[in-house]
There are 2 protein chains.
Amino acid sequence: MNQPLSSTEENYLKAIFKLCEQSDKPASTNDVALALNTRAASVTDMLKRLAEKSLINYVKYKGVTLTSSGRTIATSLIRKHRLWEVFLTDKLNFGWEEVHEIAEQLEHIKSNELTNRLEAFLNFPKYDPHGDPIPDSDGNFQYRQQVLLADVPLHTEVIIVGVSEHETPFLQYLEKLNLILGAKLVIQESFEYDQSILVTINQSTTQNISAKVAKNIYVQKI
Amino acid sequence: MNQPLSSTEENYLKAIFKLCEQSDKPASTNDVALALNTRAASVTDMLKRLAEKSLINYVKYKGVTLTSSGRTIATSLIRKHRLWEVFLTDKLNFGWEEVHEIAEQLEHIKSNELTNRLEAFLNFPKYDPHGDPIPDSDGNFQYRQQVLLADVPLHTEVIIVGVSEHETPFLQYLEKLNLILGAKLVIQESFEYDQSILVTINQSTTQNISAKVAKNIYVQKI
DNA sequence: ACGTATTTTTAGGCTAGTCTAAAAATATTA
DNA sequence: TAATATTTTTAGACTAGCCTAAAAATACGT
């Protein structure tokens, strides 16, 4: 009955979780296909199998949401992914731009004991290297109130607490600009014509930041 | 051409490596099937595929050996397996009887950078928790001269340096008898009728040890 | 060395997961 | 609301990996 899921099945659950969380609506077949870099027909096949296992609520043509057991598995994957990311940066000194890909593999290791001991070994971190909250062993996230850098009013002092995009090139770029977690920013100017902003970083340099970048950085007011 | 191998393919290479190492002869289809808990027909299928990829030397009806590239992959798997075992015992405080199963999963994580950083993080260990040598990044093993406890003459003082069986129940049993790595033993008596031996452990307790157990423990003379 | 026993391979079939192309359902827009 | 565009599902095919049953090759005992 409850045989372990394949990595493929797990990846579908994780994708559906993220899509539903983002939009608060059922995920469409196409969205899932896009997220997993696969085709709609493959998604339909898999949705039938996952529904059969009661991991998703799937109504033909109407999209998909996770059931409670599906959500438990998805959050466990996210928990493992983020704990491993902390391990890779804090213990093995990887850069935050390198860890996502390796954690994509490590998140599929099946051992609750391992996950829990890893968490303790890392001193129960609450956030991963990108500022994303790490769910506890019951699957509860400790959310933070945070806003996009793009939505911060002029002259407000803020601190970078997260990024919404985890791909290597983007994070490398941020690193180059000194836009790392914990950096203090003040928006000096906002340019209408391209939505870019002029930002002082750590009270030293002042940089122009594109709208695209500003929409991928989460900050908190100090 | 050189696309990454599946975990299944990797497991076949590892099994062939171990079988060939043990006997110094080509591994038979049946032996591989036995080692991987699968059927001979499945093995034949896989051998064809691995030969196609130049990872094994396979002659129909004549058994199989690894090519040099096959051996490189197999030793890399063993390296990863054993490094992860050290991590699990030394950093996460798992017992030596618990780590094999988890390391079976972790050994398939693909990232050389990860393996090498893990090795450094663990201070370049030379042996895993069961006393098996950990190959370096070039695949070279640092072998030890060691003998089976079963082959040690009477009244010789020896120290346990390894075990040849890694399954949980066996290791738990050894643990109970205080037969752990580093324990000092002196064989007091050897019983003809069942090949069992009487052994003093750490100069304190004296235990009877079955032939089966004595054949699975490696020792060094002090 | 010849018949029997064992091992290995082949043949054919199954599942998971993928794909393309076509059909069906839903959404959009004039 | 009717025609068109988009999305989703179905149909059918492919690969990897597994299986059983039967055939072929090898090994063994007398």
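Quick note: numbers below take in every heavy atom, side chains included, and nothing from hydrogens, waters or symmetry partners. So you know, we letter chains A, B, ... as the sequences are listed, proteins then strands, and number each from 1.
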Give a yes or no on whether a salt bridge exists between A:E107 and A:R79, defined as a side-chain N under 4.0 angstrom from a carboxylate O.
no

Between D:dT7 atom C1' and A:L34 atom CG, what is the distance in whole Å?
13 Å

Could you state the atom-to-atom distance from NZ of A:K60 to P of C:dA24 in whole Å?
12 Å

Using OP1 and OP2 only, check whether a side-chain N or O of B:N30 sits under 4.0 Å from C:dT6.
no

On the nucleotide D:dT9, are OP1 or OP2 found under 4.0 Å from the side-chain N or O atoms that A:T29 carries?
yes

Roughly, in whole Å, what's the span from CG in A:N11 to P in C:dG17?
11 Å

Residue B:S6, side-chain atoms from C-beta onward, closest of D:dT9, C:dG17, D:dG17:
D:dG17

Side chain to side chain donor-acceptor pair (under 3.5 Å) between A:D194 and A:S196, worked out:
CA-CA 5 Å; A:D194 70 347; A:S196 77; 2.9 Å; yes

Residues A:E10, A:K14: salt bridge by 4.0 Å N-O rule:
no

Which is true for A:T8 with a 4.0 Å heavy-atom rule: it touches a base, it touches only sugar-phosphate, or it touches nothing?
sugar-phosphate

In whole angstroms, how far is the P atom of D:dG17 from the CD atom of B:E52?
14 Å

Taking CG from B:L36 and C1' from D:dC18, how many angstroms apart are they, rounded to a whole number?
13 Å

With the side chain of B:A41 defined as its heavy atoms from C-beta on, choose the nearest nucleotide among C:dT8, C:dA21, C:dA11.
C:dA11

Measure from the side chain of A:K48, starting at C-beta and using heavy atoms only, and say which of C:dT9, C:dG17, D:dT10 lies closest.
D:dT10

Under the side chain to side chain contact (heavy atoms under 4.5 Å, CB included) criterion, do A:L179 and A:I160 qualify, and how do the steps go?
CA-CA 8 Å; A:L179 296 171; A:I160 299 184; 4.0 Å; yes

Between C:dT7 (P) and B:L19 (CG): distance, integer Å:
15 Å

Are the side chain of A:R82 and the backbone of A:D128 linked by a donor-acceptor contact shorter than 3.5 Å?
no

Considering only side-chain heavy atoms of A:R49, which listed nucleotide, D:dT8, C:dT18, D:dT20, is closest?
C:dT18

How would you label the contact of B:D45 with the nucleic acid (heavy atoms, under 4.0 Å): base, sugar-phosphate, or nothing?
base

Rounded to the nearest angstrom, tell me the gap between atom CG in B:L5 and atom C1' in D:dG17.
14 Å

Nearest to side-chain heavy atoms of B:Y12, which nucleotide of D:dT20, D:dC18, C:dT26
D:dC18

What's the closest nucleotide to the side chain of B:Y58 if the choices are D:dC18, D:dC19, C:dT9?
C:dT9

With a non-hydrogen cut-off below 4.0 angstrom, is A:S42 in contact with a base, only sugar-phosphate, or nothing?
base

Does C:dT8 have OP1 or OP2 under 4.0 Å away from a side-chain N or O of B:S28?
yes

Does B:K62 have a side-chain nitrogen or oxygen under 4.0 Å from the phosphate oxygens OP1 or OP2 of C:dT8?
no

Considering only side-chain heavy atoms of A:Y61, which listed nucleotide, D:dT8, D:dT10, C:dT10, is closest?
D:dT8

Side chain A:H130, main chain A:W96, donor-acceptor under 3.5 Å:
yes

What nucleotide among D:dC19, C:dT9, D:dT9 has an atom nearest to a side-chain atom of B:T44?
C:dT9

A:R39 has an atom CZ; how far is it from atom C1' of D:dT9, in whole Å?
16 Å

